[in-house]
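Read the structure below first, then the notes.
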There are 2 protein chains.
Amino acid sequence: MTAELSPTSYALLGLLAFDASTSESGLTGYELKQRADRTLRFYWVSPAMSQIYTELDRLDGRGLVVSTDVSEGKRPSRHFSITPEGLACLRAWLTDPDESLFPTLKHPVALRLLMGALASPEDVDRMLSQYLERLAERKAELEAVREMLADRREVRFPARVADWGLSYYESERDIVERLREQIAAEPPDAT
Amino acid sequence: MTAELSPTSYALLGLLAFDASTSESGLTGYELKQRADRTLRFYWVSPAMSQIYTELDRLDGRGLVVSTDVSEGKRPSRHFSITPEGLACLRAWLTDPDESLFPTLKHPVALRLLMGALASPEDVDRMLSQYLERLAERKAELEAVREMLADRREVRFPARVADWGLSYYESERDIVERLREQIAAEPPDAT
DNA sequence: TGTAGCATGTAAGCCGTTACATGATTGA
DNA sequence: TCAATCATGTAACGGCTTACATGCTACA
C-alpha cells in the first residue's frame, strides 16, 4: 500500500477508478492515452504511450491493477481495471496531507519576457500575441471538454476542475493583454 | 550558434547576460543558484546545483560562456561570464518564433481535485485550504522580490514578469476560494 | 571552537520523450 | 486497395533530482 508511485501513476489509477464506477470493461493503454489527452493534459501532463504501458506494468506488478487479455475474434488487447488495493492506495494518496505539493509552472513565455530587454519591442509584442492565440486555442479545447461534462453528478469534480482551468486561461489572457498595452505605451529603449 | 540548448541553459545564459550589463565580474555557479532561486523559480524551475555546474560545463564547451579561475588568497572558485557568441545565441533563441511554446502546468491540487469524489468533503476542503496557505506564502516571497526590483529601468522586464506572477497568484486565490464555497454549498454525496 | 555559509563536483537513478518496430482492422 | 486508426511494445537518451563527497572561510 505504501507504494511510492509517481503522480502520473496515480493519475492513471484515477482514470481507471473513474472507469470502474461507470462501466466494468476496463480500459486499454490506448484508451487511457485518449482520456489523458482529454483531461489530464490540462492540469498535469499527457504521458507518451510508451510511458503509459510502462506505468501499467508497474501498477500490475504491485497488484494495483489487473489486466485481462482480450483476443476473441478481435485483435489482441489488454484491458486494465483497478483492484480494491489500487483503489485503497489511490484514496490514501488523495487524502495524504504531505502530498499536497505546490504546482510547477514552466512558462517559456514568462522566461523569455524576463530577458525582453535583449529583444526588440516588436519581437516581444509578437511573442505575446502568439501566446494569446495559443491560449485562445487551448481554451476552446477545454471548453469543448467542459461541455461534454454537462451537469452529470458523477463528473461534477472534473467539471469543476475544467472551470478552474477556464478561469485560469481567462485570467492569463487579461494579464497578457494588459502587459502588451503597457509595453506599447512605454518609451522605447534608449540604446 | 544553432546550439539546441535546453531552456534551462538559456535561462542561465540570461542570468549571465543580465550580470554582464550591470557588472563585469562574472558569477560563480553558487551565485547563479541564488539568482535562480530568487527569480527563475517562479516561472521556470530552480535547477539543482549539480545541474547548474553541468549546464555551465556544456555552455563552456560550446564557447557561449568563459570561466576564469579565481584563487588569489580566497578559496578557489570559477567565475562565469557570457561571451559575444553566447549573447548572440541567446538573442537568436529569444526572437525565434518557433520556440514560443505553451506553458506546462503540473498542478497536483487540480489533479487530486479531479478525483474529489473518492475523498470526503472534509479532506477536499483541507487540501484546498492548505493550497491557499502555500499560495499566500509564495505570493509574499514574490512580493519581496518585486520590491527589490523597485523602478529601475534596467529591471523593468523582470519587474513586469514579477507583476504577472503576482496577478496569477491572486487569480488563483480567487478561483480556489470560490471553489471552496461551491463545494461547501453543495449537498453531500449520496453514497 | 565550531557551525553556517561558500564553493565545487561525482554517481546513481527516475521520469519522460522520441524514434523505432510491428501488425490488425475499419472504412473510404 | 490504401490510409487512418487501433494496439502494443523496445531502445536510446536527455533532463533533472537526490545522495554522496570534499574542503575552505567568516563569524559568533
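To find a chain, count down the sequence lines: A is the first, B the second, and so on, and within it residues start at 1.
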Please state how far atom CD in B/Glu55 lies from atom P in C/dT8, giving the value in whole angstrom units. 16 Å
Just wondering, do A/Leu135 and A/Val109 contact through their side chains at under 4.5 Å, heavy atoms? no
Classify B/Lys106 by what it touches in the nucleic acid, base, sugar-phosphate, or nothing, heavy-atom distance under 4.0 Å. sugar-phosphate
Contacts of B/Glu55 that satisfy side-chain contact (heavy atoms from CB on, under 4.5 Å) - sequence neighbours left out: B/Ser6, B/Thr8, B/Ser9, B/Leu12, B/Gln51, B/Arg58
Aromatic rings B/Phe102 and A/Tyr131: how do their planes relate, parallel, tilted or perpendicular, breaks at 30° and 60°? tilted
Please give, in whole Å, the distance from D/dG14 C1' to B/Glu4 CD? 13 Å
Protein N or O to nucleotides 18-22 of chain C N or O, pairs below 3.5 Å:
unit_1 : atom_1 : unit_2  : atom_2 : d
C/dT18 : O4     : A/Ser50 : OG     : 3.0

Between C/dT8, D/dA7, C/dG16, which one does the side chain of A/Tyr53 approach most closely? D/dA7
For A/Ile52 and D/dT10, what is the distance between atoms CD1 and P respectively, to the nearest whole Å? 15 Å
Measuring from the side chain of A/Arg78 (C-beta onward, heavy atoms only), which nucleotide among D/dT8, C/dG16, C/dA7 has the closest atom? D/dT8
Identify whether B/Leu27 and B/Tyr30 are in the same connected component of the hydrophobic contact network (ILVMFWY, side-chain heavy atoms under 4.5 Å). no
Atom pair distance, as rounded to whole Å: CG in A/Asp57 and P in C/dC15: 14 Å
Any cation-pi pair here, B/Arg178 with A/Trp164, using under 6.0 Å and within 45°? no
Quick one: B/Tyr10 OH to D/dG15 C1', roughly how many Å, whole number? 15 Å
Does A/Thr8 put a side-chain nitrogen or oxygen below 4.0 Å from OP1 or OP2 of C/dG16? yes
Between the side chain of A/Glu31 and the main-chain N/O of A/Thr28, is any donor-acceptor distance below 3.5 Å? yes
What is the separation between atom CG on A/Leu5 and atom C1' on C/dC14, rounded to the nearest whole Å? 13 Å
Given C/dC15, D/dT17, D/dA7, identify the nucleotide with an atom nearest to the side chain of B/Pro47. D/dT17
In this structure, how many angstroms lie between the P atom of D/dT5 and the CG atom of A/Asp37, rounded? 14 Å
How close do B/Asp60 and B/Val66 get, counting heavy atoms only, and between which atoms? OD1-CA, 4.3 Å
Decide, yes or no, whether a salt bridge links B/Asp163 with B/Arg160 under the criterion of side-chain N to carboxylate O below 4.0 Å. no
Name the orientation class of the two ring planes belonging to B/Phe42 and B/Tyr169 (parallel below 30°, tilted from 30 to 60°, perpendicular beyond 60°). perpendicular
Measure the angle between the two terminal helix axes of the helix from C/dT1-D/dA28 to C/dA28-D/dT1, five base pairs each, and quote it to 10°. 30°
Looking at the side chain of B/Arg58, which of D/dG15, C/dG16, C/dT8 is the nearest nucleotide? D/dG15
Kindly say whether B/Ser167 contributes a backbone atom to a donor-acceptor pair with the side chain of B/Ser171 at under 3.5 angstrom? no
Out of D/dC6, C/dG5, C/dG16, minimum distance to the side chain of B/Tyr30 belongs to C/dG5
May I ask you to verify if any side-chain N or O of B/Gln34 is less than 4.0 angstrom from the OP1 or OP2 atom of C/dG5? no
Contact class for B/Ser46 vs. all strands (heavy atom < 4.0 Å): base, sugar-phosphate, or nothing? sugar-phosphate
Rounded to whole angstrom units, what separation is found between the CD atom of A/Glu31 and the P atom of D/dC6? 9 Å
